[in-house]
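Just so you know, these numbers use all the heavy atoms, side chains as well, and skip hydrogens, waters and symmetry mates.
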Amino acid sequence: MKPVRLPAAATLALPRWGLVGLCLLYILPGILRRDPWKTDDAAGFGIMWTMAQGGLADWLMPNIVGMPMPQEGPLAFWIGAILIKCFGWLTGDELAARLSTLVFFGIGAAAVWRTSYVLGRRSEAQPLKLAFGGQPAPRDFGRTLADGALLIYVACLGLLVRSHETAAPALHIALVAASFYAATCLLDAPTRRAAVGMGISLGLLVLARSWTIPLALALSMVLLAAWRNRSALWLQLFISLPIALALPLLWLFAQHGTQNFGMPFFEQWWRWNSTLLAWPTAHGLRTTAQTLIWFAWPAWPIAAWSVYAWRRQAMLHILLPLSGLAALLLVCFCATRADDADLLSLLPPLAILATFGLPTLKRGAINAVDWFSVMTLSAIAAFIWLGWIAKQTGWPAQLAKNAFKLAPGFKPEFNLFAFLIALAASIGWVLLLRWRLARRPSVLWRAVVLSSGGVILCWLLLMTLWLPWLNYGKSYAVVAEQIASHLPSQYHCVNTDGVGPAQRASFASIGLIQFAQSENTHCEFLLVQDDGLRRKGSPGMKKVDDKLELLWQGRRAADRHEFFRLFRRHNP
């Protein structure tokens, strides 16, 4: 017997404007006034900027001003570079590139919603009919479940920072969600159109990052189709998989043989991809499990309950996300590199799976999730406000001291517009708490509305009240300007030693430093980066040729471990 029994009143869907507004409140903060940060954010922008400024080879082979990036597929950066070409003259290159996060998040959110809607309106997912009628209509039930899935997806803590970065992981998770939607359409109603959509989504996944995740998804979906639907299986084998292979092969064929970076880019890309998987280890399993506890909150406990509640029914709305989740988990456990970007692929199936557990959650579980969200997220929001007050006024003294200790030399500034937005968001949070706790609505998504609202509040407060402080601590803008000021107006190029992707991207785009396009190029200047200078066991500064003349040395004020030195070669 199905575990779901509920009246039509429980399937009141969120208004479309409210759902769209919620998504915009989530993704828009941090787009304006934010510098590229010392993460994949700056490196991703560097690839986009290089493509927009360069030629065909730069578009085919992701690189940062000559530094090859074989670990990156080109698709996310193509989108960002196109946006720079279209809007860079109006908004500036950084803001134009950051608009790509709107595109990526929109794709992922729409795919999660549509997947849950299609699965939720199927007859096998519908709640039991009530004795005197009054059960929800299939479309209303599907829409309510889709709203719940989107709220869970937005509430996942691991998505928060990654979805706002101008980098491939933001597109990767969106295409994972799109692949689940394509598979849902194919298994729900096997058609050639659905098979083509699935093949395109899997092929684009390879172009977005690597082949491991798409391969795992393809295998899980083929196995599920072989068990559930023979027609879908043949469409997958003869339409979807050939298309999925053709898209990345076209890209690799287009740039095969190009040797701009010492060896063919294809070989570098293949070598990197071939080292992604290995046999799982106890340490890797433990680390992944520990990370997932916070990374996939609140999706994973509700998803686990959903599997338990529907354990007696082997139905598509449980089997599809569960089989995909199992395949993706296996890839994460076998990954050779500890990277939370790989865990992002787990969030769409977890959100879809969790939404089917919402109708079966007990009142005690709902209250527990609510109170955890109220206490934890309200405390974080209050701490953000208190820290901002300390930074502006010097009280509490210890809190202000710690803030300036992490960013020595930072001068606080007051932005009235940002303050009013933060105040309005805080008032909105209080009103949401009052509505949820006082009225106790019976709608299905009531269990996760506070989780998503609290996450949005905390991110919005950080991106308004604390953005200048975060830019000061995570941006290379000041260092880039200092290096550029010590270079002549006319010179050939600058060699590097140890300069990472994020740093190279920031120095090239902000300081307009002309880096060497190849390691074999002899330039008039050398930029050296030393890392971990104050860490225990550090080897100290790198040795350089005694004939080099030191022009400048410095670091970001907020980073005690990084150090940069600029040298001149008199006879390059």
CH2 (Trp272) with more than 12 external heavy atoms under 6.0 Å: yes

Take the angle between the ring planes of Phe507 and Tyr476 and call it parallel below 30°, perpendicular above 60°, tilted in between. perpendicular

Tell me whether Arg555 contacts the main-chain N or O of Asp559 through its side chain, where contact means a donor paired with an acceptor under 3.5 Å. yes

Taking Trp37 for its side chain and Ala42 for its backbone only, find out whether a donor-acceptor pair lies under 3.5 Å. no

Between Arg98 and Leu83, is any pair of side-chain heavy atoms under 4.5 Å apart? no

In sequence, state the C-alpha distance, the side-chain angles, and the governing distance for Arg569 and Asn495, and then conclude on side chain to side chain donor-acceptor pair (under 3.5 Å). CA-CA 10 Å; Arg569 286 192 179 101; Asn495 285 129; 3.0 Å; yes

Would you find a donor on one side and an acceptor on the other, under 3.5 Å apart, between the side chain of Ser274 and the backbone of Arg271? yes

Any Phe45 side-chain heavy atom under 4.5 Å of Asp93 side chain: yes

So Leu285 and Thr287, do their side chains get closer than 4.5 Å, heavy atoms only? no

Salt bridge (Lys or Arg N to Asp or Glu O under 4.0 Å) partner of Asp41, the single match among Arg162, Arg34, Lys474: Arg34

Using a 4.5 Å cut-off on heavy atoms from C-beta on, say whether the side chain of Arg33 contacts that of Pro468. yes

Is Thr115 reaching over with its side chain to a backbone N or O of Val112, donor-acceptor style, under 3.5 angstrom? no

Run the side chain to side chain contact (heavy atoms under 4.5 Å, CB included) check on Leu470 and Asp35 step by step: do they pass? CA-CA 9 Å; Leu470 291 170; Asp35 296 333; over 6 Å; no

I'd like to know if the side chain of Glu524 reaches the main chain of Arg568, judged simply by a donor and an acceptor atom lying under 3.5 Å from each other, with no hydrogens or angles considered. no

When rounded to the nearest 0.5 Å, the distance separating CG of Asp530 from CD of Gln553 is 10.0 Å

Any heavy-atom pair between the side chains of Leu99 and Leu102 that's under 4.5 Å? yes

Ring center gap for Trp251 and Trp269 short of 6.0 angstrom: yes

Around atom NE2 of His486, are there more than 12 heavy atoms of other residues, nucleotides or ligands at under 6.0 Å? yes

In the structure I gave you, are the side-chain heavy atoms of Val196 and Ile200 within less than 4.5 Å of one another anywhere? yes

Give a yes or no on whether the backbone of Ile352 and the side-chain of Thr355 come within a donor-acceptor separation of less than 3.5 Å. no

Glu94 and Ile510, any side-chain heavy atoms less than 4.5 Å apart: yes

Should we count CZ of Phe87 as having more than 12 external heavy atoms under 6.0 Å? no

Does any N or O in the side chain of Ser485 come within less than 3.5 Å of the main-chain N or O of Gln482, such that one atom is a donor and the other an acceptor? yes

Considering all heavy atoms, the nearest Ala216-Ala327 contact: O-CB, 3.6 Å

Nearest-0.5 Å distance that lies between atom CD1 in Ile483 and atom CG in Leu512: 12.5 Å

Kindly say whether Ala155 contributes a backbone atom to a donor-acceptor pair with the side chain of Ser452 at under 3.5 angstrom? no

Between Trp469 and Trp466, ring centroids under 6.0 Å: yes

Is the Lys NZ or Arg CZ of Arg504 less than 6.0 Å from the centre of Phe515's six-membered ring, within 45° of the axis? yes

Atom CH2 of residue position Trp270 - does it have more than 12 heavy atoms of other residues, nucleotides or ligands inside 6.0 Å? no

Ring centers of Tyr26, His164 separated by less than 6.0 Å: yes

Would you check if the distance from the ring center of Phe525 to the ring center of Tyr491 is below 6.0 Å? yes

Are the side chain of Thr50 and the backbone of Val65 linked by a donor-acceptor contact shorter than 3.5 Å? yes

Mind checking whether His172 and Leu344 have side chains closer than 4.5 Å, heavy atoms only? no

